[in-house]
Amino acid sequence: MASVVTETLDPFATAQGQVRQAVEALGAPQAVYEYLKEPCRVLVCSIPVQMDDGQVKSFIGYRAQHTDVIGPTKGGVRFHPQVTLDEVKALSIWMTFKCALLGLPYGGAKGGVVCEPEQLSMHELEQLSRGYIRAISSIVGPERDIPAPDVNTNSKLMGFMLDEFDRLKGQNTPGLITGKPLVLGGSRGRAEATGRGCAVVIREAAQVMGFGLAGSTVALQGFGNVGSHAARLLAEMGCTVTAVVDARGGAYNPHGLDVAALTAWVGQEHSVANFPGSSPLSSEELFALPVDIIVPAALESQITAKVARTVQAKLIAEAANGPTTPEGSEVLFARGIRVIPDILASAGGVTVSYFEWVQNLMNYYWPESEVQEKLERMMVDSFHAMADMADRHGVTYRRAAFMVGIERLSEAMAARGWIA
Ligand code: GLU
């Protein structure tokens, strides 16, 4: 009889499982899991927006704050039709572990609004952004919870949110939100930060695995703010980007895609589809390509057990949050495919968000080279903290990354007297 694999497609169940297993692997007190298994606060709101045709339409919004044991909570806000409360809760847990692994003085948070951003005009998006921050204004702030961009949100929308908050409070509060426009106190290097952090840890992993990036081939799922910068930087490091797939289509050329030309194409066409000199490609086909490195830079639960069985790459760097299901992870592990987990490979963004917040609190702004150097150092140090933990305990990078987080979170819990 064929065995039936049940796939864990609920990211919240996945996140809770990852935390529980890391607590067990370290032999940390059960209380640590009790503190971390749920976000400490969740806000659900309805955001009425007057649409361009004069009608009022209400959108559902969420903000989940996971734990403030290490510092204020931090995390992005996504605009997407499939946002759910459970997804936002899972993403807030992952933000806690990203921050803990990178040594940032934050806990995790995440927000989301259920909407179809492509169907909204810029004016409607502005009203939605303003309405969202008004709805959560009583629980955010530079010392409480600091939002940022995520899927389908960007610096422009962060600018509107900051303005709305400043008007409400009657003061300027640049440290409220990160990923803002430069002129409002944004940081140099923030836009490319997640992509840069991902490229840096790929370089470190390749070194540990004993292969050079020069001539290595890369396929990316997603070519938004994360995927496009990761592709550019990996190409600069000597990789050949042969395939990219986004929500509307794909582009494949086994001899390599010109990343700069592809970026210009996407700027005009809003998709990689039909890029001159490429053939079409689906996500399913992308994951099965004969490439060295795959970078999932889109949404959750893409690499299921079924997909994982088709992977030929030797390294996967999770630039998205939660792109691999637990069953997918097991298959990749059994097949000897190395995975740099999301909580490290996607941590460059929040790391530069931290630099942005520090600059806002000091009112003193750094040159881009300084941001890049500091990001590079923190990504490299965190990669090695994870790799050392993996070697010491004989576990995967993913388990080890969560274990480093649990160590730091338990230390903070003990220092606050929450656990013995
Ligand atoms: N949304 C990004 C993430 O998932 C960045 C969060 C932030 O900068 O606070 O890591």
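Whatever order the structure lists ligands and atoms in, that order sets their numbers, starting from 1. Because only heavy atoms are used, hydrogens play no part in the values below, and waters and symmetry mates are left out as well, while side chains stay in.
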(request) Under 4.0 Å, heavy atoms only, figure out whether ligand 1 is touched by the backbone of Pro149, its side chain, both or neither. (result) backbone
(message) So, applying side chain to side chain donor-acceptor pair (under 3.5 Å) with Glu87, which one of Lys110, Gln82, Arg78 is it?
(response) Arg78
(request) Check the side chains of Glu318 and Ser346 for a donor-acceptor pair under 3.5 angstrom, ignoring hydrogens and angles. (result) no
(request) Quick one: look up the protein heavy atom nearest atom 9 (O) of ligand 1 and list residue, atom name and how far away it is. (result) Lys74 NZ, 2.8 Å
(request) Please state which part of Asn321 comes within less than 4.0 Å of ligand 1, counting heavy atoms only: side chain, backbone, both or neither. (result) side chain
(request) Carefully, step by step, assess Thr325 and Glu7 under the rule side chain to side chain donor-acceptor pair (under 3.5 Å). (result) CA-CA 7 Å; Thr325 66; Glu7 201 81 41; 2.5 Å; yes
(message) Under 4.0 Å, heavy-atom basis, I'd like to know which part of Arg190 is in contact with ligand 1: side chain, backbone, both or neither.
(response) side chain
(request) Kindly assign one of parallel, tilted or perpendicular to the pair Trp265 and Phe275, based on the angle between their ring planes and the thresholds 30° and 60°. (result) perpendicular
(message) Is the shortest side-chain heavy-atom distance between Leu104 and Thr351 below 4.5 Å?
(response) yes
(request) Please could you name the atoms of ligand 1 that Lys110 approaches to less than 4.0 Å, counting only its heavy atoms? (result) 1 (N), 3 (C), 4 (O)
(request) Would you mind checking which non-hydrogen protein atom is closest to atom 1 (N) of ligand 1, with the distance to 0.1 Å? (result) Asp150 OD1, 2.7 Å
(request) With side chain to side chain donor-acceptor pair (under 3.5 Å) as the test, would you mind laying out the steps for Glu327 and Thr8 before giving the verdict? (result) CA-CA 7 Å; Glu327 295 76 16; Thr8 313; 2.6 Å; yes
(request) Specify the protein heavy atom at minimum distance from atom 7 (C) of ligand 1: its residue, its atom name, and the distance to 0.1 Å. (result) Ala148 CB, 3.3 Å
(request) Specify the protein heavy atom at minimum distance from atom 8 (O) of ligand 1: its residue, its atom name, and the distance to 0.1 Å. (result) Ser353 OG, 2.5 Å
(request) Note the single closest protein heavy atom to atom 3 (C) of ligand 1, along with its residue, its atom name and the distance in Å. (result) Lys98 NZ, 3.3 Å
(request) Check if Gly75 has a non-hydrogen atom at a distance under 4.0 Å from any atom of ligand 1. (result) yes
(message) For Glu285 versus Leu281, what's the shortest heavy-atom pair and its separation?
(response) OE1-CA, 3.4 Å
(request) Using a strict cut-off of 4.0 Å, indicate which atoms of ligand 1 neighbour a heavy atom of Met95. (result) 3 (C), 4 (O), 6 (C), 10 (O)
(message) Check the orientation of Tyr397 and Phe383. Use parallel for under 30°, tilted for 30 to 60°, and perpendicular for over 60°.
(response) perpendicular
